[in-house]
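This report concerns only the one structure given below.
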There are 2 protein chains.
Amino acid sequence: MSDNKNIRIKDIAKMAGVSVGTVDRVIHKRGKVAEDIQKKIEKVLKETGYKPNLLARTLGSNKAVKIAILIPDPDQDEYWALSQAGIDQSLQEWSQYNLELSAHHFDLYDSSSFASIAQSVLDLQPDGVVAAPIFHHESLDFFGQLKKQNIPFVLFNTNLTELNPLSFIGQDLYQSGKVAGELLSYCIEPDDQIAVLHISESIENSVHLKAKESGLRDFVQKDYLVQSHDLNNVDDPNFETEVERILREPELGGVFVSTSKGTHIIASILEQCDLRHIKLVGYDLLAKNLEHLQRGNVNFLINQNPKRMTLVGISHLTNYLLFHKDMPSKELFPLEIITPQNVDSYIQSRIH
Amino acid sequence: MSDNKNIRIKDIAKMAGVSVGTVDRVIHKRGKVAEDIQKKIEKVLKETGYKPNLLARTLGSNKAVKIAILIPDPDQDEYWALSQAGIDQSLQEWSQYNLELSAHHFDLYDSSSFASIAQSVLDLQPDGVVAAPIFHHESLDFFGQLKKQNIPFVLFNTNLTELNPLSFIGQDLYQSGKVAGELLSYCIEPDDQIAVLHISESIENSVHLKAKESGLRDFVQKDYLVQSHDLNNVDDPNFETEVERILREPELGGVFVSTSKGTHIIASILEQCDLRHIKLVGYDLLAKNLEHLQRGNVNFLINQNPKRMTLVGISHLTNYLLFHKDMPSKELFPLEIITPQNVDSYIQSRIH
DNA sequence: ATGAAAGCGCTAACAC
DNA sequence: GTGTTAGCGCTTTCAT
C-alpha cells in the first residue's frame, strides 16, 4: 500500500527545493528547466511515487474537451441506432465534466458522404475523434489528416490497423465465425449442410464477413459441407427467390448469416417458407432479431454489442484526454452468445 | 442541448440575489434558510437546470471516503479470488480519488467468523459497505447495525431483499437454471435423463441453488426426467463413490452442477470414469473449469462474473458517496454462456 | 530558467 | 439566517 495519498506537487517542490511551477514544468515536459534541477525533481517524483490528483488537474486547466464521433446514420440501420444509444449514454455519463461530444452521421450507402462529414469534423478542430471507419478508402485520407494535426483518434467496429489508432475496440471476427460453427454443430444433424449468407450493403465490408466465414469453415468443415453466398442487393427483385432457392435445398440444416440486418431478413423468409427445421445463427440484438429469436426462427445470436463498443470508445478517449490515462491499444469484446432464455438478462442489463 | 455548461453556484447566487453559502445550503439541505429565499433559489436552480461540477465538489470537500468490503477468504475458493481481483482492480481505478478501500475476509466454512469480521468493520466506521452476505442469519444483525448508523451498503452475489440495500448486484438465479436447461436440451438425446448436482459447503446457500434447479426443471421437465442430489460434504469418504453411482446411471445424458466449485469436481470424476457421453453444464471461469472446458469434460459454463459483480458494487457505492450519483436498486447481470470457442474472448476482455 | 499568485467550482468554518 | 472567506491540488500567466 503505497503512501502517496497526500503527496502534492507542493510537497515535491519543497523536497526538491524548488517551486511548484518548476515541478509542473518537469511533470508536463513543458518549458525550460535546468538539467540538474530536472534530474533532481524526477528523482523525488520517482521516490515518492507521486500520483497527480486528476480531479484537481482537470479542474485547474479549465478547458472543455471537444470530441467528435463519426458513425453511419442511425436511421438507416438499427445497428447504428444502438451505437447512437451508446453516444447518448456517454453524454449522460460525462455530463458533469467539461466535455463537448458531437455526433456526425454519414450515409451508409454513399461512401462519398463520408468525405464531406469528415471535412466538417476537421473544421471543428476537435481534441479527439471516435469513429467507425466502415469506408476503408475514404477513411485513409481523413485519419491521415488527423495524424498530421496530432488529433488522437479511437476506432471501433472496423479496424484499420495500418492507421494504428490510439485504440481499437471490436471483436475477433474469425473467432466469431468459429463460435457460430460451434453453435450450429450443436443443433444440426450429422448429414446436414450449412449455408453461409452474406447480406451487406457495401463491398468494403465483405472482407470482414469473409473472416467470419473462414472461422466457421475451419470449425465445421471436417463434419459438414458448407456453401456460401453473397447477396448484396436486397432490393433486387430476384433477391427473395434467390434466397428461397438456397434455403429450400433439402440437405440444408443450418444457416449462418454474417450481418445483423441479414439475420432478420433471412429469418422472415425461413418463417414464410415454413422451414422450421433449419437452424439459424445470426448477429446482434436488433428488435426484429429479438422477435425472431423469441419465435424460434433464430436459434442463436452473437452479440457484437455496438452500444458498448461506442461507449467504451468514447470512454477511452475521454479518459485519455481528460485524465491522461492510458488505454489498451486493442480491446476485443467477448463473443456473447444470446439465446431465447438469456436474452432478457442482456436486455435488462444496463450495458447490453 | 441544455446550456448549463457554465452555470456555477456563483451564478445561481447572483440570480437569486443571495450568497453562495446560502445556495450551497439549499442544494445540500443543510441548515437554516428562510422559506421564501429557499423557494426562490430552488426556482432558479430548476430554471437554469443547474448541475454541480462534481470534480470541484469532491475536490472542495477534502475528505477521504472509507469503504469496507466483506467477502469470504479468497484463498478458500477461487470464486472469491475472482471477487478479490475485482477489489484490486477497483483500487487501481479509483486510486486517484480520495478513497480508502479495505477488504475484510471471513471464513467460508465458519459462519461465526462473519460476526467478528463484521464487528471490526463497524469499529472502522466506514462511510459505506459492499458485501457478499452469504451467511443469512449472521448478516441480519450486521446490516441492521449499519442501517441504524446510517451507513449505506451495497450487496452482491446473494440478495437479502428484506434488508433493502442501496443496491443489489447479481443474477436471476431461476432464469440461470432455465438457460442451463436450454443448453442441455441442445446437446443431449431425446430419452436421456438429467441429474442436478448441488455441491455446496453451506446450507444457507441451498435456497439459491434450489432456485437454479427449479428454473432448469421448468424448462426441461416436459421433455426429460430430472433428478437432483445434494452432496454437501465433499470431504466425506463416500463422496466419490456416491457421485459415481449417480453418474453411471445408464439413462443419464446430462448433468447440471449448480456451483462453480462443484463444476470441476464433477468434471474430473466424469473424466476419470470415462463418461464422455455425458454433457455437463456448470458455472464460472475458475481455472480448473476452464481446463475441463478445453478438454471437453464441460460443455458449457454460465458465467456469474464475480469479478465484475464486485467491481460494479464498489463502483456504484463510490459514485454514490463521492459524486452523489444515484444507482439502480437492482442490477441483474447478463447470463453469459461460455463455450470452448468463445472462452478466450472472455478471458482477454478486461472485465471478464 | 524560476517563482509568485490568481484562478477552476465547490465546501465548510466562521463571523455577524 | 446569511454572507464571507480560506482552502482542496493543479494549471497557467506574469514577473523577474
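Lettering of chains follows the sequences in order, A, B, ..., and the numbering in each one begins at 1. Since we're looking at a predicted model, the values are computed, not measured.
Contact check on A:Arg8 versus A:Asp11 returns a salt bridge, with a Lys/Arg side-chain nitrogen under 4.0 Å from an Asp/Glu carboxylate oxygen.
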Nucleotide by nucleotide, 5' to 3', does protein get under 4.0 Å of the base (B), only the sugar-phosphate (S), or neither (-) in nucleotides 1-6 of chain D, counting heavy atoms? BBBBB-
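Going from atom CD1 of A:Ile9 over to atom C1' of D:dC8 covers 13 Å, rounded to whole Å. Rounded to whole Å, the distance from CG on B:Leu322 to P on C:dG9 is 19 Å. Distance, A:Asn98 CG to C:dC10 P: 11 Å, rounded to whole Å. Atom-to-atom, CD1 of A:Ile27 to P of D:dG9 comes out at 14 Å; the value is rounded to the nearest Å. What separates CG of B:Leu55 from P of D:dG7 is a distance of 22 Å, to the nearest Å. The CD1-C1' distance, from B:Ile7 to C:dG9, rounds to 13 Å in whole Å. Atom NZ in A:Lys10 sits about 10 Å away from atom P in D:dC10, given to the nearest Å.
The shortest distance between the side-chain N/O atoms of B:Lys63 and the OP1/OP2 oxygens of C:dA12 is below 4.0 Å. Between C:dG9 and B:Arg8, a contact under 4.0 Å exists linking OP1 or OP2 to a side-chain N or O. For the pair A:Tyr50 and D:dC10, the criterion of a side-chain N or O lying under 4.0 Å from OP1 or OP2 is met.
A stem is defined here as three or more consecutive Watson-Crick or G-U pairs, each with both distances under 3.5 Å; for DNA chain C these stems are C:1-16 with D:1-16.
Set against D:dC10, C:dC10, D:dT12, the side chain of B:Asn53 has C:dC10 as its closest nucleotide. Listed candidates were C:dC10, C:dT11, D:dT12. Nearest to the side chain of B:Asp24 is C:dT11. The side chain of B:Asn62 approaches D:dC8 more closely than any other nucleotide in the set D:dC8, C:dA12, D:dC10.
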Please list, one pair per line, the donor and acceptor atoms closer than 3.5 Å that link side chains of residues 84-93 of chain A to other protein atoms, with sequence neighbours excluded.
residue : atom : partner  : partner atom : Å
A:Gln84 : OE1  : A:His105 : NE2          : 3.3
A:Gln84 : NE2  : A:Asp88  : OD1          : 3.1
A:Gln89 : OE1  : A:Lys307 : NZ           : 3.1
A:Gln89 : NE2  : A:Glu93  : OE2          : 3.3
A:Ser90 : OG   : A:Gly86  : O            : 3.0

Which donor-acceptor pairs under 3.5 Å do side chains of residues 146-157 of chain A form with protein atoms, sequence neighbours excluded?
residue  : atom : partner  : partner atom : Å
A:Lys147 : NZ   : A:Leu163 : O            : 2.4
A:Asn157 : OD1  : A:Tyr79  : OH           : 2.5

Quick one: side chains of residues 16-28 of chain A, donor-acceptor pairs under 3.5 Å with protein atoms, not counting sequence neighbours, listed by atom name and distance.
residue : atom : partner : partner atom : Å
A:Ser19 : OG   : A:Gly21 : N            : 3.4
A:Asp24 : OD2  : A:Arg30 : NE           : 3.3
A:Asp24 : OD2  : A:Arg30 : NH2          : 3.0

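Within the structure, side chain to side chain donor-acceptor pair (under 3.5 Å) pairs that include any residue of residues 120-130 of chain A comprise A:Gln119-A:Asp123 (at least two apart or interchain). Listed by first then second residue, pairs satisfying side chain to side chain donor-acceptor pair (under 3.5 Å) with a partner in residues 312-321 of chain A read A:His316-A:Glu331, not counting sequence neighbours.
For B:Asp73, there are no salt bridge (Lys or Arg N to Asp or Glu O under 4.0 Å) partners, not counting sequence neighbours. The salt bridge (Lys or Arg N to Asp or Glu O under 4.0 Å) search around B:Glu47 returns B:Lys43, not counting sequence neighbours.
Across all strands shown, B:Leu59 has heavy atoms under 4.0 Å from base atoms, whether or not it also approaches the sugar-phosphate.
Taking every heavy atom of both residues into account, B:Phe106 and B:Ser113 meet most closely at CB-OG, 3.5 Å.
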